[in-house]
Amino acid sequence: MAKHSLRSLPILALLLALAAGPAAAQSAQTAAPAVQTPAQFFGFTIGADGELARYPRVLEYFSLLAKQTDRVKFEVIGKTTMGNDYALLRISSPQNLAKFDRLVEINRRLADPRGLSEAEAQALASEGKPFYLVYATIHSTEVSNGQAVLTVVHRLATENSPFIKEILDNSVILMVPSQNPDGQHLVIDHWYKTKGTKNARVYPDLYHKYVGHDDNRDWFMFTQKETRMNIELVQNKYKPIISHDMHQQGPNGSRIFVPPFTDPFDPNIHPLLALGQATVGQAMASALIGEKKEGVAWLEGYDMWSPARQYMVYHGQPRILTEIASSGGNLADPYVNPQRGRPLGPQEPHWNFPVPYSKDTWTLGQQVDYGVTAALAGMSHVAKYGHEWLYNFYRVHRDWAANDKGPFAFIVPATQRDQFATYEMLEILEFADVEIHRATSAFTANGRQYPSGSYVIKTAQPYGAFAKTMLEKQLYPDLRVFPGGPPEPPYDVTGHTLWMLMGVTVDEAEQAFDAPLERVTAVKPITAASPARPKAAYLVGPESYGVFKLVAALQKASVPVFRAGAAFAGHAAGTFIIPSTSASQPIVEKAAADLGLVVTGADRMPSVSGFRLKPGTKVGLWRAAGNMPGGWLMWLLEQYGINHEVVKAQDFAGDLNAKYDVILLPSGTSKARILNGLDRERNDPAEWSWAYGVGEAGWTKLKTFVENGGTLLAIGSAVETATELLDLPIEKALPEAPPRFGPATAATPAPTAAASVDRALRDAFSSPARLMQTLRDRVADPTSLFFCPGSLLQNEFDPTNPVAWGMPEAWPIFFESDQAYRLRPGFGVETQVVSRYPREKILQSGWLLGEEYLKDQANVVSFRVGKGYAVTYGSQVDFRTQPRATFKLIFNAMFHGPSAAVTAAQMGK
Ligand SMILES: [Zn+2]
């Protein structure tokens, strides 16, 4: 493993070191203070087979470098979800670090260049230094990058080569050593704990407490602490001009991906940023290939569509993604091609993959080497062209601040169904540094009247690109593998229109208008004064998803809650009726103030029959180890204060009905997973027996749970599981999804039409199976195609069904490669369709092929099964907790299933 550190030195530095000779090296060593190398500090060479530096020691080492050299500043800037240190390093020349605040001031001025002349911008670009933000290991099983940065920082801190000096003198490096420190603990600690045992070495559960691998899909909703720290305390605070996001991919493709990305790119991304990505990516490729590192690819299957993983490109920064081949499940151990002797990865050279990898083995040391070279090459390039980078940073923001391409603005009318949702949506935009205005009196725009208090978000502002991509409808391009052929799958989802996700009405104003506006500096929910304590009850409408925070708080305080079973006296079906007591008053008043809930008082109990919520309704969340939808749901239930627990295999020893009122099956919960669970032989019982399978006996017990009165909620692919468990009278309405043609593991050109044909043929001829598949797809009836990889689709709701209480008659739901259902005859199961797809205009935002298959089909369906209740959600109405408008469908069912019917006379008692 000694060889790799030599190979990672850039050629120039190597030549200089050789020219200087051993004597010079000796004197430099004696003159400088003794700074431990990573190998000395950790006791092994970074990248040695099987060895990983643990996160707390990594921070200790950085902290030591900060003490022993004047080029590194180290600080812990916050605590993570699980209470670990979240750290930031600043690395530059001592001179630059001394004027750090001035350099940040320059970045901030260039990021909001309104009022700045070109000459002033040029002068600032000359005075400033480009900030290069790099973060390693957001995905914790991608272990090599967190190791590579040790070598990177050590070299920056100690090396005196012209190569390193140029980086230090001409740029400022901001480094987040791990964007998910909790995962460093979980994955690496598990790696050592299982050493020499029969146990699986890869951590079997989510490596972020709630969101696992989805931790880089959170960059527009900002739900997790780590996302928020990065944006608030790094991105928005220092305004870096470039972000380098270090990842690893599977072991069988190219050895490293660098930008440029493939199509599509969100047209809201400034072309200078797309070009900046390509420029730095190609500088990295040159350095790697120059060092004879094989298997470098660009223009592979990574696209630039969803803001969920690229906050920075809407904030003036190119996103540099590097994806180094990993050892897969071997983590820190070498990966060897199962076909011994055959080189890893594609073997045909292409212009975007000029040198195939020639060996059958791939080690952690190589992964570290590739990471070090790529990171230093990116930094070096930015340092060389600092003025150009800062000046382009200015030009991107200048262009957006003067945007005249329209729309002029997005208008959020003051009158909304859900003020809490409106507040949450505006808070997201504000958190992303978007400027929000509020009308101080009524105005007209687009031929419509808007009341005073309506919000206006203009697109002509420095971060107008973020506002526009979040508030407009996405028109995803119809990308095919070849013309008329199967769809080219996106890298992730295709629709993210924020107001649809959240249940807020937003209008787009194409033309400029005048309105009396004031800048909003801290958004708050619009609140109405709570009524004085009424004689009988508080009434709260069912429209806001925020109301369930109130319901959970009332349940926690053992305050009874009722719901109206039908509309009455101007109040909607599902209205919450909360008897007015000294116990309920402070809870209701606080919720009204915090959440913007509209509360009215009733001096007489309403004359309406309805339901009494079960006191202390207890939810069991079936969260199989490693199941991300379950992790997201756990976060959601915690945020709302819902009384819940993760269902454990041990629970099946007792009476499930005694323990839970509701069991929630997230998408991804298959029958096989319920029966088998985690491998008992390879996962230690002390830690993992909760996630073991429950077998056929447990499966039967789950069925009995519902028949005896329990409530079962099944989401996404778990609908199939629930259907089989309870013999629910529904069946799939959609044809099987077409075979996926990517994201490719082979080097592939950009999917322009011509290139796609070429690629499809090339791929087809590379394997007989693939050829047959391609031919089959070509002759297949194109009308049999259904494809919807993450879009917002219209649903019509039955607002008289308790599951849809509070929903508008129609609103988009999220659909990610999910299913729609049709009813079939069933005996002894009472079935009601809660929501279905309309006959036309189903696609609202994103991409959908085969819309006709959805027409009139059911999405959410409720069932009475024995004494129990079940609801199936064919589409992922909780997807990554982003479609908040449809949270109600889950919360409603959760509390309705266990509730008891009451007559009008019993209401409030
Ligand atoms: Zn990754």
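One-based numbering along the sequence shown. Order of appearance sets the numbers: ligands from 1, and atoms from 1 within every ligand.
No option in Arg309, Lys209, Arg880 other than Arg880 meets the salt bridge (Lys or Arg N to Asp or Glu O under 4.0 Å) test with Asp214.
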Item to complete: Determine, stepwise, if the pair Trp632 / Phe879 fulfils ring-ring contact (aromatic ring centres under 6.0 Å, His included).
Response: CA-CA 8 Å; Trp632 279 108; Phe879 186 75; 8.5 Å; no
Item to complete: Show your working on side-chain contact (heavy atoms from CB on, under 4.5 Å) between Tyr207 and His213 and close with a plain yes or no.
Response: CA-CA 7 Å; Tyr207 50 63; His213 195 82; 2.6 Å; yes
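Sorted by first and then second residue, the salt bridge (Lys or Arg N to Asp or Glu O under 4.0 Å) pairs involving residues 229-240 (not counting sequence neighbours) are Lys239-Asp433.
By the 6.0 Å and 45° rule, Arg201 stacks over the aromatic ring of Trp191.
Arg255 and Asp369 are not joined by a salt bridge, as no carboxylate oxygen comes within less than 4.0 angstrom of a charged side-chain nitrogen.
Distances under 2.8 Å from the Zn ion (ligand 1) pick out the protein N/O/S atoms His139 ND1, Glu142 OE1, Glu142 OE2, His247 ND1.
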